[in-house]
Protein chains: 2
Amino acid sequence: MRPTVHDIADKAGVSLATVDRVLNGRPGVRGVTRARVEAAIAALGYVRDVAAANLAKSRVYPLVFILPAGDNPFMRGLEAEVRRAGMHSANERTRLAVVTVPAFDAGALAKAIDGAIAEKVSGIAAVAVDAPEVSAAIGRAHAAGIPLVTLVSDLAGSGRDHFVGVDNIAAGRTAGSLLGRFLGSRPGPVAVLAGSMRVRDHRERLEGFCAAMADMPVTRAILPVLEGQDDPARSRALISECLAAVPDLAGIYSLGAGNRGLVAALAAGDRDDICVIAHELTDHTRAALETGTIDAVLNQDAGHEVRSAIRVLRAKADGLPVIAAQERIRLDIFIKDNLPAGPDGDDGN
Amino acid sequence: MRPTVHDIADKAGVSLATVDRVLNGRPGVRGVTRARVEAAIAALGYVRDVAAANLAKSRVYPLVFILPAGDNPFMRGLEAEVRRAGMHSANERTRLAVVTVPAFDAGALAKAIDGAIAEKVSGIAAVAVDAPEVSAAIGRAHAAGIPLVTLVSDLAGSGRDHFVGVDNIAAGRTAGSLLGRFLGSRPGPVAVLAGSMRVRDHRERLEGFCAAMADMPVTRAILPVLEGQDDPARSRALISECLAAVPDLAGIYSLGAGNRGLVAALAAGDRDDICVIAHELTDHTRAALETGTIDAVLNQDAGHEVRSAIRVLRAKADGLPVIAAQERIRLDIFIKDNLPAGPDGDDGN
DNA sequence: AAATTTCTGATTTACGTACATCAGAAATTC
DNA sequence: GAATTTCTGATGTACGTAAATCAGAAATTT
């Protein structure tokens, strides 16, 4: 059997109450006694029974996810995953809430973070916008002792406790490498469709993409970035225009959202010879993969990210260490042959 | 607050003991009473507090993993993941054991399964070998009420409760599709290196691979399968021989283990122009990806599989439903640009 | 109607931890 | 050495469920 607090008390020759004081960092224990108890804990290899502890505490962990509003399918997917996790997490004494703020709006995001701090939640997960107000708000969360993780898009050096998301530079490199190999020696330039160069993850993907393209044996022109604001209509217009202007276009890398517009433009332009790599597996990109309009989709699994964020926030709230290896978010590559069976590509784990 | 058993008892106008009998399927409750309790449960939306239940039961779940012996790196990786999971699972009232049996030995596997049944474990995970003795042993486990999942290689129609592993036909298709696209219009046949056609997962991968190659715009010869028995030395010999015999060889698909031999043969033959796709991310395949000897690695994450198997076995042991979407094992595609940072590619989740 | 069987209620203990209270011991201060 | 402060022990309750026991009620059989 695993050792319990009683065993520690016996071994250390102290009472249960004293063990409790040591374990929970309560005052009222002399240094020597504390040391004796700690030695007993170490000797027995005691680990707290989290289930029993949570039961006794009957504590709930209110966590807040702050996500951009709008019809960005990936963000809506994230929201859906939070709600789904909320269903199952009642068991685990976690209460999840979603707050949406206008996309790319640093002030609104900062305000939402401050709101969560005021509500004394036990953890915050937010899709970061790269702005000083946001950094400041994150600093206030930190000062208030509320763990905060950045989700999808990071804000390094802001005092966030953890970043939950993929390495976007590596994602861009992967896209470049795949596109280069798929194109082989076929000539022609490639276009890049982004949401906005004002978000860090898009900038990083572009950086990685250009680096990988530069490493290819065949030099290939990369056209100026098209910024579609993650908006299908605008993306469609930009791509249509590009198709008309560049008849020998060989490939497209779509590193943001708005892929519905991209697919529509390609279909309208009847250009299924163009090699296309996009991000995020949605109903649209999945369908386009199946028809061959899109050749590969890079994906970060929303379900994984949400669950990882929850685990990390709970660990932080309890002062437990985070197992880094377990919380690394993978970049998935999907081609039509390895599409997951489900309608939305969730495979949990 | 969430409703508790007390609330149910109040609502249904029965005692705690009766609620307990209904909840745990114990006898001694009249049909009408049972219905009343069940109605109360439904009305209140009661869900059992698993943590409290486990605490009260103070039950431990001894689970056994039966894995092939030998130096197959993937299997050793699985074993390592089981041990790693064992560290953390003490909290969760699970005790894990690993039993190794000679690879491809149906009799030994059946015997190991029977041994686990005799020990009255609460769950078995086994890498199946396709043989009637094994099916029979799985049937005995089922008869004894012990949940059993097949791991990595399935044995459909054997009465196993669940399969934890990737869709190997899709894996083969993915390999074929990638290899075809990477090769483009470059001429030359491709070779296939397998472990043994006697294991189902290898057969399935080959099937998918051939299908995908046949779907390619360019027809390409597939040389007769080389069976390396997952053995590095034998694999090396076979590949060396093949390289010498087929000077215009364009690609290799290695669908089993023994990749160390493959890499050695390629290095010795100085043939880094050949496009190679292999399975399982190990130290060797990772290094080969980085140097460019191997172009893509298809991987099933051992950590995910182990954790999934544990979750499924525990759910079965408790009579709980399995969330299929959460237990789907993904096929990862790695190229040198999206290699995970860690030394062994574990990202938990 | 009596005897039996089958159901149901009430009550208690346990799981491992958290947390509070109160009394007594030890250390410190005066 | 007395008074005070600080530490420690003993004890009890709570969390939500499991599981056992025993007594009494209801249904069934004789």
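In what follows, chains are A, B, ... by sequence order, proteins preceding strands, each numbered from 1.
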A:Asp161 side chain to A:Val149 backbone, donor-acceptor under 3.5 Å: no
Straight-line distance of A:Asp114 CG to A:Leu109 CG, nearest 0.5 Å: 9.5 Å
Counting side-chain heavy atoms from CB outward, which of C:dA10, D:dG9, D:dT8 is closest to A:Thr33? D:dT8
Locate the shortest heavy-atom distance separating B:Arg48 from B:Asn24; write the atom from each residue and the value. NH2-OD1, 2.5 Å
When the distance from CG of A:Asn54 to C1' of D:dC15 is rounded to whole Å, what number comes out? 11 Å
Nearest-nucleotide comparison on DNA chain C, the residue closer to the 5′ end among A:Asn24 and B:Leu16: B:Leu16
Atom CG of B:Asp49 and atom C1' of C:dC15 are separated, to the nearest Å, by 13 Å
For B:Ile41 and D:dG16, give me the distance from atom CD1 to atom C1', rounded to whole Å. 15 Å
Does B:Leu281 offer a backbone N or O that forms a donor-acceptor pair with the side chain of B:Asn299 under 3.5 Å? yes
Take the protein atom CG of B:Asp20 and the nucleotide atom P of C:dT12, then report the distance between them rounded to whole Å. 17 Å
Between the main-chain N or O of B:Pro62 and the side-chain N or O of B:Ser122, is there a donor-acceptor pair closer than 3.5 Å? yes
If you only use heavy atoms from C-beta on, which nucleotide in D:dG9, C:dT17, C:dA18 is closest to the side chain of A:Ser15? D:dG9
Starting the side chain at C-beta, find the nucleotide from D:dC7, C:dA10, C:dT17 nearest to A:Arg30. D:dC7
A:Lys57 NZ to C:dG16 P, straight-line distance once rounded to whole Å: 17 Å
Which nucleotide sits closest to the side chain of A:Ala56: C:dG16, C:dA27, D:dG16? C:dG16
Taking only side-chain nitrogens and oxygens of A:Thr18, does any of them come within less than 4.0 Å of OP1 or OP2 of D:dT8? no
Can you measure A:His6 atom NE2 to C:dT17 atom P for me and round it to whole angstrom units? 8 Å
May I ask you to say what A:Gly31 touches in the nucleic acid, namely base, sugar-phosphate or nothing, with a heavy-atom cut-off under 4.0 Å? nothing
Indicate, with a heavy-atom threshold strictly under 4.0 Å, whether A:Ala17 touches base, sugar-phosphate, or nothing. base
Can you see if the side chain of B:Thr4 gets near the phosphate of D:dG16 - specifically, an N or O under 4.0 Å from OP1 or OP2? no
Provide, to the nearest angstrom, the distance between the CZ atom belonging to B:Arg21 and the P atom belonging to C:dT11. 14 Å
Both B:Leu55 and A:Arg26 contact DNA chain C. Which one's nearest nucleotide lies toward the 5' end? B:Leu55
Which nucleotide wins on minimum distance to the side chain of B:Val14, given the candidates D:dG16, C:dA18, C:dG9? C:dG9
The side chain of B:Ser58 is closest to which nucleotide in this list: C:dT17, D:dA18, C:dC15? C:dC15
When the distance from CG of A:Asp10 to C1' of D:dA10 is rounded to whole Å, what number comes out? 14 Å
